[in-house]
Amino acid sequence: MRDLLACHHQRHDTFIVNFPTRRQVHFLQLPTTHRDHQKRRHVQPMAVFQRQCGQRVAVFRHRLNRFALQMADQEQARRKRTQPTWAPPGGSSATPLKLYNSLTRKKEVFVPQKGRRVGWYSCGPTVYDTSHMGHARSYISFDILRRVMQDYFNYDVLYAMNITDIDDKIIRRARQNHLLEQYVDKKPSQKQLLEDVQTAMQPYREKLEKETDPDKKAMLQRITNKVEETVSKLEQVAEASKGEELKKALVGDARDPLSEWLDSMHGSEVTDNSIFTKLPQYFEAEFHKDMEALNVLPADVLTRVSEYIPEVIEYVQTIIDKGYGYESNKSVYFDTTKFDGADSHFYAKLVPEAFGDSKAMLEGEGDLSISQDRLSEKRSTTDFALWKASKPGEPSWDSPWGMGRPGWHIECSVMASCILGGSLDIHTGGYDLKFPHHDNEIAQAEAYYDNDHWVRYFLHSGHLTIEGCKMSKSLKNFITIQEALSKYSSRQLRLGFLLHSWKDTLDYSSDTMGTAVKYEKMINEFFLTVKDVLRTDAPPFLKWDKPELQLAERFQQRKEGVHQALCDNIDTRATMDQMRELVSDSNVYLKEKRDARQQPDHALLGDIATYLTRMLKIFGAIEGEELIGFPVGGTSQAANLEETVMPYLSTMAEFRDKVRQVARQEKAKEILQLCDGLRDDVLPQLGVRLEDHEGLPPVVKLVDKETLLKEREEKIK
């Protein structure tokens with residue numbers, strides 16, 4: 001029926017073409033007017049025959065059209081009985097994780113080399129002194145990145161970190177400590193001590209006069225002034241007991257100049273290698289204690305350069321064999337000019353503009369390796385030591401080039417390669433290590449493997465300043481981790497870091513930490529409020545009205561905002577802002593329900609509080625297994641404590657509320673005062689906050705005692 005049917009009549013032309021539906025069928029119009037009938041009565045027989053034929057054709061056309069309509073109906077019915085074509089929704093593509101890569105100085109899409117496996121090496125500390133907030137800046141930041149990569153993005157991370165336990169700073173500090181201890185043990189007389197201090201101060205004053213760096217000059221001047229002040233007091237004292245106290249004080253104040261003076265005279269006489277291992281072992285243990293106190297996860301693999309001497313020697317020999325290293329006077333140096341001249345290599349990838357910075361290169365070589373005789377051993381001032389010939393008073397190991405010790409930069413290249421192979425997914429370290437340390441690491445490893453991709457993504461944590469001033473161990477402008485923990489909790493320090501970008505400068509100040517403390521209080525209050533809501537009886541499922549629908553939509557939007565922020569270079573600052581807004585949205589919802597005397601939806605609030613808890617756990621800001629909120633009474637006993645005491649506290653609060661109602665009716669002021677005293681004075685001492693809300697049941701919250709006492713003091717003021 002889909003073929004073209006055409007029929008021609010002398011008066012009428014009608015066409016029927018492909019009619020699958022009723023709308024496409026056209027009926028033939030027959031002549032029916034009275035005038036036509038009058039004309040037809042006088043027509044000739046031929047005309048009658050033609051009229052009869054026309055009538056028969058019209059009937060045929062009518063029947064044909066009816067048949068076409070029936071076929072169209074059947075075709076449409078057949079199509080309705082089969083499934084229609086389905087198309088997937090447009091949706092949106094998944095947002096990839098991007099990391100700021102120091103090798104390109106921009107954000108790059110993160111692509112691991114082996115599926116979900118990530119090989120990660122982080123530069124560890126040089127353990128010669130107490131850990132400070134500069135260390136915390138790097139290791140808390142990298143701990144947050146590591147946790148997010150593992151627990152949020154679900155990468156399988158192998159995290160390796162080194163401990164530098166052989167270094168010029170360690171050698172000098174160990175030697176000086178040993179010599180100063182010997183000096184003190186000899187118990188020099190007051191006269192002798194004064195003479196020795198004056199002698200030691202002469203080169204110190206000369207250094208002060210020559211120093212051009214204003215910060216270092218100010219530091220040297222402070223020490224000089226302090227020593228001169230204590231010397232003046234000791235010279236004037238007559239009483240023996242006070243003299244001994246001032247002698248101890250003078251040794252402490254003049255520690256640096258005395259140690260340097262003793263080392264210049266007797267440093268080469270120190271031959272006991274145990275002296276050079278005792279110091280780093282002690283401070284490594286202290287470092288691990290500090291990291292545990294900060295809730296920094298331990299490395300999967302920890303390496304010490306003292307344990308990798310054979311591997312260092314083999315690595316250095318390979319670099320020599322490939323033409324990028326050379327031996328000079330029993331030391332071995334890396335030939336930066338030859339390496340950079342090779343078509344397949346590039347020296348100073350991270351900071352190419354620093355190539356030729358002699359001052360930075362000297363600092364990278366170490367204080368014991370920048371004497372004129374050592375510098376003259378190099379072919380170029382840009383070359384650096386792979387292996388250092390040991391001098392008297394330095395630890396040493398046998399090698400093909402003589403007794404010596406590893407250079408500073410070689411240790412990371414060797415140990416990272418031993419654990420993670422010829423190409424690392426991620427390498428992390430402090431911003432100040434970019435050049436020359438990290439650039440030298442890359443050059444050594446790429447010379448060894450003869451490749452150009454030893455590190456795929458290099459991440460550097462930002463600087464730390466103290467109240468806007470540069471933090472420096474050498475300038476004695478630093479705060480130890482223990483000092484910081486004596487003022488703030490580990491969680492508060494971590495929140496302070498989370499509220500800033502990991503790659504930008506962070507100012508450790510009262511303002512910064514005040515913001516972190518306020519954030520902690522804000523989100524903790526939300527957790528306590530939700531816990532109180534969940535303890536009340538409520539139907540298992542409530543109908544969602546407009547407030548619930550709005551909060552649920554905001555919840556999804558905030559979660560998406562968190563995800564986008566974490567994909568954008570793990571931007572914890574933006575993430576924490578999204579979490580704050582989610583708390584604000586929830587508080588608005590709770591207030592609306594409270595004002596309307598309606599029960600809030602337990603499941604929805606529980607989901608929000610659980611999500612926020614999970615994110616803070618991922619960031620390392622919450623320890624323990626509790627589903628909602630911060631631990632109460634320590635991580636080990638938090639859940640049991642809350643589950644145990646809350647039924648009793650709730651019963652007490654309900655009883656007190658009934659007593660208050662009766663007391664109000666009877667106008668018993670003394671009883672009301674006793675009820676207020678229980679709330680304001682007694683319960684805070686037990687770490688319990690009791691909140692009265694007019695017309696609503698009392699709210700009980702477990703809060704640490706110190707916080708409650710501070711709140712009470714602020715109210716009194």
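Computed from a predicted structure; not experimentally measured. Numbering of residues begins at 1 and proceeds along the displayed sequence.
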Give every donor-acceptor pair under 3.5 Å between a side-chain atom in residues 604-613 and any protein atom, sequence neighbours left out.
| unit_1 | atom_1 | unit_2 | atom_2 | d |
| --- | --- | --- | --- | --- |
| T610 | OG1 | G606 | O | 2.7 |
| T613 | OG1 | A609 | O | 2.8 |
| T613 | OG1 | G629 | N | 2.9 |

For residues 288-300, the salt bridge (Lys or Arg N to Asp or Glu O under 4.0 Å) pairs (sequence neighbours left out) are R146-D300, E286-K289
Item to complete: Please confirm whether Y139 and F287 have ring centers closer than 6.0 angstrom.
Response: yes
- [ ] For residues L566 and Q578, determine if any side-chain heavy atom of one lies less than 4.5 Å from a side-chain heavy atom of the other.
- [x] no
Taken to the nearest 0.5 Å, the spacing of R117 CZ from Y155 OH works out to 14.5 Å
The reported gap from CG in L99 to CZ in R456 (rounded to nearest 0.5 angstrom) is 14.5 Å
Check: Do D585 and R554 meet the salt-bridge criterion of a basic N to acidic O distance under 4.0 Å?
Finding: yes
| task | Would you mind reporting whether M471 and T465 have side-chain heavy atoms less than 4.5 Å apart? | result | no
* Answer whether the closest heavy-atom distance between the side chains of H438 and S102 falls below 4.5 Å. => no
The single option from T428, L103, V111 that satisfies side-chain contact (heavy atoms from CB on, under 4.5 Å) with Y457 is V111
Salt bridge present between E365 and R374 (N-O < 4.0 angstrom): no
- Presence of salt bridge, K470 and D215, under 4.0 angstrom: no
- Taking C-beta and beyond as the side chain, do Y448 and E314 meet within less than 4.5 Å on heavy atoms? yes
Residue pairs meeting salt bridge (Lys or Arg N to Asp or Glu O under 4.0 Å), one or both in residues 436-455, sequence neighbours left out, come to K349-E446
Any salt bridge between D168 and R405, counting N to O under 4.0 Å? yes
Here the gap from F339 atom CZ to H345 atom NE2, rounded to the nearest 0.5 Å, amounts to 5.0 Å
Is the ring centre of F110 less than 6.0 Å from the ring centre of F153? no
Output field: ring centroids Y152/H563 closer than 6.0 Å: yes
Interatomic distance, CD1@I622 vs CD1@I523, rounded to 0.5 Å, equals 7.5 Å
When rounded to the nearest 0.5 Å, the distance separating CG of L495 from OG of S489 is 7.5 Å
Applied to residues 412-435, the salt bridge (Lys or Arg N to Asp or Glu O under 4.0 Å) test, sequence neighbours excluded, yields none
Quiz question: by atom type and distance under 3.5 Å, do the side chains of K169 and T126 form a donor-acceptor pair? no
Compare all side-chain heavy atoms of K487 with those of E483 and state whether any distance is below 4.5 angstrom.
no
In terms of heavy-atom contacts, A160 and I419 come closest through CB-CG2, 4.1 Å
Less than 4.5 Å apart, any side-chain heavy atom of V301 and any of M415?
no
For I309 and P406 the tightest heavy-atom approach is CD1-CG, 3.6 Å
- With the side chain counted from C-beta on, respond yes when H427 and W120 share a heavy-atom pair under 4.5 Å apart, and no when they do not. no
Handout entry: F334 and H409 aromatic centres sub-6.0 Å
Key = no
Distance-only polar pair, side chains of E377 and Y326, donor-acceptor under 3.5 Å: no
So the salt bridge (Lys or Arg N to Asp or Glu O under 4.0 Å) pairs with at least one residue in residues 134-144 (sequence neighbours excluded) are D143-R147, D143-R494
### Query
Regarding W502 and T572, is there a side-chain donor-to-acceptor distance under 3.5 Å anywhere?
no
- Query: Is a donor on one side and an acceptor on the other found under 3.5 Å between the side chain of N101 and the backbone of F458?
  - Reply: yes
Original post:
Which class fits the ring pair Y347 and F384: parallel under 30°, tilted 30 to 60°, perpendicular over 60°?
Top reply: parallel
Check: So, the side chain of D335 versus the backbone of Y324: is there a donor-acceptor pair under 3.5 Å, distance only?
Finding: no
Rounded to the nearest 0.5 angstrom, the OG-CD1 distance for S461 and I140 is 11.0 Å
Pair T130, Q482 - check side-chain hydrogen bond (donor to acceptor under 3.5 Å, both in side chains), show working. CA-CA 9 Å; T130 306; Q482 288 302 317; over 6 Å; no
Quiz item: Do the non-hydrogen side-chain atoms of K98 and N569 ever get within less than 4.5 Å of each other?
Solution: no
Hits for side-chain contact (heavy atoms from CB on, under 4.5 Å) against D129, two or more places apart or cross-chain, chain-then-number order -> R173, F283, K473
- request: Answer with yes or no whether the side chains of Y315 and S417 bring together a donor and an acceptor at under 3.5 Å.
  value: yes
